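Presented below is the structure to which this report refers.
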Amino acid sequence: MRASLLTGLLLTPLFLVAACAADDEGGADDGEDCSDGHCDVFTAKKLKTCKTAADFKTTDGSLKCTPCAAALADRSGRGFIPAFTANDALLKKVYMTFEDTNGNKKIDTDEITCPVDMPGIMAKLEKVDTNSCNGISTRVVSETAAKLGEANADYRAVTSRDCDNRGDFGLLFSSFGFSGDNGAKGSGTHISEDGHPGEVEAIAFDDVDGVFNYYKELDGKMTFFGSSADFVVHGPGGPGLTNTLGCANCHPGGGLNMKELQSPWTHWSLEDNIRGADKLVQNRAAYLGTLQSGADMQFQVTQAGNDKWAASKAKLLGEMTTTKLQVAKGKFTDDRMSAAEKADLVKRGMRRDLHATQLLLEPLFCTKQVNLNNSGGGSAIPGNLFATNRHGLRVSSKSFASADLAAALTAIGSNVPDVAGANELTTPFMTLEPSHEDEAYINALVAAGILDQNLVRDILMVDFTRPVLSDDRCGLLSFVPDLEPGDRKAAQIRDAILGALEREQPAAGSPGAQLLAHLKANQGGTPVDHRKTLQTYSSKCQARDAKQMVRDGLRLRSLHTQVVFGEVDARGSDVHAMSVFEFPNTMPRDNVRVVANAAADNVTQISLGSRWSPVDCTIVNGYVPPPAN
């Protein structure tokens with residue numbers, strides 16, 4: 001705890017009023033209590049601050065307000081901490097619950113603690129967050145430890161405290177800046193010491209409103225950066241991660257991120273060989289608890305949490321009208337941005353002028369988030385590089401000999417940044433794939449009757465050989481008409497899009513024409529057999545020479561990597577940089593260059609629009625319609 005934040009706290013009621021006014025500029029004068037029920041995330045007033053003696057009366061240490069205004073700050077664009085944050089465990093337990101050590105049934109000045117650092121927060125939770133606790137768990141991630149060893153590695157950690165039946169995803173802390181380098185000793189971040197690097201990030205789930213709330217310690221204050229719903233409706237208020245609503249840059253869909261989501265969980269402790277992870281956690285057991293695995297991070301944290309948010313998101317956007325959407329957007333203000341910064345947000349798909357029905361369906365057409373995966377292990381090109389691999393749509397991986405991969409990596413000059421001597425990750429052929437977060441949301445729309453699987457597959461199978469970063473499929477979102485919430489049913493949505501396409505009369509062989517054909521067949525009761533399309537395509541891929549397929553697969557992986565890291569001047573829409581790729585050694589780099597018209601067999605060239613042809617599984621530089629079944 002930073003003593004300066006508490007000096008003089010509660011000496012007079014005027015101090016509290018002044019502190020609240022300074023922090024909550026632009027908010028309403030009266031606070032709102034949302035701790036015991038629903039508080040709409042867009043119309044919520046500010047978090048109630050304790051002002052009078054009656055506010056500090058308690059029987060269990062909990063208050064209906066916070067006396068910690070000086071320790072809190074807002075960067076949600078509202079100008080004040082909203083009341084619904086009182087529903088999440090971070091605000092409720094750390095800044096609205098205290099120990100009544102003298103048993104007088106009120107919280108006295110010397111009993112108020114408002115820690116903002118990770119060790120201090122966890123120490124307080126040990127005292128006030130004790131119901132149905134399953135302990136503290138930490139998962140460690142490092143892109144360097146497996147290759148370089150702990151003496152040359154850096155690390156990050158994700159810590160959960162599962163109490164009060166909220167699950168591991170209910171309260172999360174991300175810590176950045178641990179090191180195994182002996183030169184870091186004494187800095188408080190070396191894995192053999194017990195210090196914390198500071199500026200902890202926290203994500204807390206509000207189970208009442210069904211949203212994640214995002215926080216980061218900045219300048220000695222715990223700063224609220226907005227909720228999942230804020231990110232989806234408004235997007236970031238600036239291009240930086242500490243700008244207003246800055247967390248939306250990495251969490252555009254509002255959910256939890258774990259890039260290497262599925263087996264083999266490359267870069268994650270107790271899965272990849274993350275040497276030093278055990279030492280890092282054991283030396284900080286008081287606030288990091290016990291070491292857990294990447295698999296635990298997937299199943300207990302990321303997927304479990306995103307499934308909860310997906311259901312809330314489907315309900316929120318399913319009931320949203322365009323009028324309500326515009327009103328909700330108007331609740332936020334942006335940072336001052338240059339023209340270039342505004343253009344960057346647009347280019348990265350962060351600021352799209354969508355009506356409510358388009359926003360509802362955007363993740364079906366466009367890539368909101370991605371995962372990294374290799375379903376083929378070290379002996380096969382993963383199927384997720386070839387085609388859509390969600391919602392029951394699959395193609396087979398392509399086997400190769402280890403010598404084929406080694407030769408191809410050498411030919412393109414593959415290397416892993418800052419990992420000397422490495423030309424590949426510990427798991428070969430990690431590639432981008434559609435995220436579980438988006439899949440869970442689309443499944444929630446299906447469960448709500450807004451979509452059905454035929455409509456989902458009809459849309460995903462447009463430009464299906466680009467399962468991620470398809471500007472052709474994303475561009476078709478413009479044909480989604482705005483429907484009233486009561487009219488958002490699968491058949492009505494299908495017919496509305498079909499009608500819009502028919503009015504446009506898309507050219508033969510275009511993405512629009514392909515979608516129109518899918519929807520007409522669906523409407524006529526004989527849906528296109530997409531599995532047969534994939535089987536025919538997969539047979540063409542399997543028939544190709546393995547050496548050439550490895551070459552082409554690595555070229556496409558290079559293209560995707562350069563795009564998401566912002567290393568090429570991508571064109572926007574669905575081909576854009578993603579801020580979640582913060583660490584250069586997450587993926588390999590190479591000598592493959594993006595050019596206007598790359599030759600199909602050029603080892604070190606690729607085009608921005610390159611993809612597998614659905615006709616013969618060769619590389620083409622633009623959209624090609626699939627052959628008829």
Side-chain angles (χ1 to χ4, degrees), residues 42 229 232-235 252-253 310 313-330 346 349-368 388 391 438 441-464 470-528 530 572-574 623 625:
F42 297 122
V232 171
V233 163
H234 184 271
K313 182 178 177 181
K315 185 176 188 300
L316 171 75
L317 297 185
E319 297 173 353
M320 180 79 69
T321 64
T322 297
T323 298
K324 289 180 180 179
L325 175 63
Q326 294 304 321
V327 171
K329 286 183 176 182
V346 173
M350 297 295 182
R351 288 296 177 86
R352 306 189 68 196
D353 187 17
L354 304 178
H355 57 63
T357 311
Q358 288 171 333
L359 184 64
L360 172 72
L361 300 181
E362 185 183 17
L364 178 57
F365 288 84
C366 307
T367 303
K368 294 299 292 181
T388 297
H391 306 284
D438 288 346
Y441 171 66
I442 294 168
N443 286 339
L445 293 179
V446 172
I450 295 171
L451 297 173
D452 61 27
Q453 288 295 349
N454 281 336
L455 181 56
V456 168
R457 292 167 184 164
D458 283 344
I459 293 169
L460 291 181
M461 283 297 290
V462 176
D463 200 21
F464 67 86
S470 169
D471 53 344
D472 289 313
R473 184 171 54 253
C474 188
L476 296 174
L477 183 64
S478 64
F479 290 100
V480 175
D482 198 12
L483 303 176
E484 290 299 314
D487 296 328
R488 294 171 186 167
K489 303 298 181 184
Q492 289 166 280
I493 291 173
R494 177 201 65 204
D495 293 347
I497 298 172
L498 192 157
L501 286 165
E502 286 184 324
R503 289 188 292 274
E504 178 70 16
Q505 296 182 333
S510 68
Q514 185 184 356
L515 180 57
L516 179 58
H518 291 176
L519 298 181
K520 279 187 173 181
N522 186 336
Q523 186 185 58
T526 55
V528 174
H530 297 304
S573 180
D574 211 41
Y623 175 78

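Because the structure is a prediction, the values reported are computed rather than measured.
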Can you check whether Thr367's main-chain N or O pairs, donor with acceptor, with Asp574's side chain at less than 3.5 Å? yes
Between His518 (side chain only) and Arg457 (backbone N and O only), is there a donor and an acceptor less than 3.5 Å apart? no
With the side chain counted from C-beta on, respond yes when His530 and Asp458 share a heavy-atom pair under 4.5 Å apart, and no when they do not. yes
For Lys324, I'd like to know if atom NZ has over 12 heavy atoms of other residues, nucleotides or ligands within 6.0 Å. no
Going by the rule side-chain contact (heavy atoms from CB on, under 4.5 Å), which residues pair with Ser478 if we only count those two or more places apart in sequence or in a different chain? none
Just wondering, do Val462 and Pro511 contact through their side chains at under 4.5 Å, heavy atoms? yes
Is there a side-chain contact between Leu316 and Phe42 (heavy atoms, below 4.5 Å)? yes
Filter on salt bridge (Lys or Arg N to Asp or Glu O under 4.0 Å), then keep only pairs touching residues 442-452, sequence neighbours left out; what's left? none
Would you indicate whether the side-chain heavy atoms of Leu476 and Ile459 approach each other to under 4.5 Å? no
Among Leu364, Val456, Ile450, find the residue that satisfies the side-chain contact (heavy atoms from CB on, under 4.5 Å) test when tested with Leu445. Ile450
Would Asn522 and Asn454 count as a side chain to side chain donor-acceptor pair (under 3.5 Å) here? Give the steps. CA-CA 7 Å; Asn522 186 336; Asn454 281 336; 4.7 Å; no
Determine, step by step, whether His391 and Asn443 satisfy the side-chain contact (heavy atoms from CB on, under 4.5 Å) criterion, reporting the C-alpha distance in whole Å, the side-chain angles of both residues, the deciding distance to 0.1 Å, and the verdict. CA-CA 8 Å; His391 306 284; Asn443 286 339; 3.3 Å; yes
Residue pairs fulfilling disulfide bond (SG atoms under 2.5 Å apart) with at least one residue in residues 476-509, sequence neighbours excluded: none
Within the structure provided, determine whether His355 and Leu325 are in side-chain contact (heavy-atom separation under 4.5 Å). no
Would you say that Arg352 contacts Gln358 through its side chain, given a criterion of any heavy-atom pair below 4.5 Å between the two side chains? no
So Leu455 and Leu519, do their side chains get closer than 4.5 Å, heavy atoms only? yes
